[in-house]
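First comes the structure, then the notes that go with it.
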Amino acid sequence: MAQHILNQRPISRRPISRLCRNGFFLLPLVLLVLLGVVLPWLGSPLLYNTSSSSSYPPSLSYWREYSLTQATKFVAKNGSTVIVCTVSYPFLPFLNNWLISVSRQNHQENVLVIAEDYATLYKVNEKWPGHAVLIPPALGSQTAQHFGSKGFFKFTSRRPQHLLDILELGYNVMYNDVDMVWLQDPFQYLEGSHDAYFMDDLTKIKPLNHSHGLPPPNRKGATYICSCMIFLRPTNGAKLLMNKWIEELGTLFWAKPKEGNDQPAFNWALNKTAHEVDVYLLPQTAFPSGGLYFTNETWVKETKGKHAIIHNNYIIGYNEKMKRFRDYGLWLVDDHAVESPLGKLQ
């Protein structure tokens with residue numbers, strides 16, 4: 001009897017031993033949970049909220065101090081590319097429409113909205129924290145600026161500086177106007193390792209195997225490349241192009257103060273740096289101008305399934321653009337707002 005008792009394992013030691021064995025298997029599980037919960041927050045701007053208030057969501061003053069460096073690091077955390085658009089408050093519905101199409105191609109997390117006014121900055125970051133930044137000075141937020149207006153020029157003329165700043169941070173950058181809709185993933189068309197990629201803004205139909213070089217200038221010595229969709233690598237050539245664009249904008253402003261957009265200056269910059277910058281003209285079938293896509297039904301049918309980004313240009317007016325998108329089944333906000341990171345905007 002005494003020997004039997006001596007041979008028994010003490011009861012108090014049994015749970016400890018079992019706990020050690022179970023703990024050995026539980027430890028990796030605990031580590032996985034911690035990694036899954038903590039690591040995604042390490043890149044979040046909310047982790048670095050240095051405002052006086054520690055409440056959530058971050059205070060408005062925090063977003064006012066949120067820098068381009070912070071924002072690009074946040075949105076590019078899963079890669080080396082930032083997808084940029086510039087938006088003023090009246091165009092938030094167009095931003096939402098564009099975002100739905102970008103989300104369908106699974107690239108929404110790399111989007112950075114450069115807000116041109118504080119109302120846009122606060123609204124986007126309220127709905128989608130960290131994805132909007134404002135680079136002072138802020139513009140007015142009450143009026144939608146139309147193509148050709150002084151306000152539109154002031155709005156778009158800041159674009160090359162924004163792009164240059166992102167290039168200087170070491171990121172690839174894709175710029176889009178928000179009156180665009182993605183039908184396919186545009187990144188599949190960025191062949192090679194060129195400095196700059198862009199689309200032609202002409203309505204004339206090109207051969208399917210057209211050249212991808214800079215088109216020859218017209219009689220006035222200029223090309224007609226659209227500044228609405230640009231992809232740039234952080235190379236010396238791309239930075240040279242942006243600096244030249246900024247320089248040409250300054251010249252244009254003083255020579256033609258009534259000029260209402262930044263596209264002529266972009267084309268002059270392209271032509272003046274043609275021998276120093278490695279450029280790539282994107283295929284017209286995938287990146288048609290609005291003047292071609294919305295007016296040539298035959299061409300659209302013949303190239304069906306090849307379109308990547310549709311630009312709603314060659315039309316002036318906020319309501320006119322929205323109506324045309326609706327007419328062609330490209331106004332996605334009404335029925336698919338839940339697919340946008342911003343959800344339904346009130």
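Atoms considered below: every heavy atom in the structure, side chains included; atoms not considered: hydrogens, waters and symmetry mates.
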Membership question, hydrophobic clusters at under 4.5 Å side-chain separation (ILVMFWY): are I166 and L240 in the same one? yes

Contacts of type side chain to side chain contact (heavy atoms under 4.5 Å, CB included), residue P341, not counting sequence neighbours: L99, S103, Q108, W128

Step by step, work out the side chain to side chain donor-acceptor pair (under 3.5 Å) result for D201 and Q263. CA-CA 10 Å; D201 209 20; Q263 190 159 298; 3.2 Å; yes

Whether over 12 other heavy atoms sit under 6.0 Å from N236 CG: no

Donor-acceptor pair between T223 and N271 side chains, under 3.5 angstrom: yes

Check whether the ring centres of F287 and H307 lie less than 6.0 Å apart, and answer yes or no. no

May I ask you to say whether D195 pairs ionically with R233, meaning some side-chain N is under 4.0 Å from a carboxylate O? no

Any carboxylate oxygen within less than 4.0 angstrom of a Lys/Arg side-chain nitrogen, looking at K301 and E297? yes

Please check if the side chain of N125 supplies one atom and the backbone of G130 the other of a donor-acceptor pair under 3.5 Å. yes

Taking the six-membered ring for Trp, are Y314 and F294 ring centroids under 6.0 Å apart? no

Counting N and O atoms only, with roles assigned by atom type, does the side chain of W245 sit under 3.5 Å from a partner on the main chain of D262, one being a donor and the other an acceptor? yes

Hey, is CG on L208 packed in by over 12 heavy atoms from elsewhere, all under 6.0 Å? no

Do the charged groups of R159 and D177 touch, with an N to O distance under 4.0 Å? yes

Okay, side chain of D185, backbone of F187: is any donor-acceptor separation there less than 3.5 Å? yes

Whether the S340 and N96 side chains hold a donor-acceptor pair (N or O, under 3.5 Å, no angle test) is what I'd like checked. yes

Is it the case that the side chain of S101 and the backbone of W182 share a donor-acceptor pair, with hydrogens and angles ignored and the cut-off at 3.5 Å? yes

Could you measure the distance from the CG atom of L330 to the CG atom of N97? Nearest 0.5 Å is fine. 8.0 Å

I'd like to know whether the aromatic ring centres of F91 and W98 sit less than 6.0 Å apart in this structure. no

Side-chain (R158) to main-chain (I135) donor-acceptor, under 3.5 angstrom: yes

Tell me if the aromatic rings of Y280 and F198 count as close, with their centers under 6.0 Å from one another. no

Less than 4.0 Å between a side-chain N and a carboxylate O, is that true for E247 and K244? yes

Under a 3.5 Å threshold, yes or no: a donor from one side chain and an acceptor from the other, between Y197 and E191? no

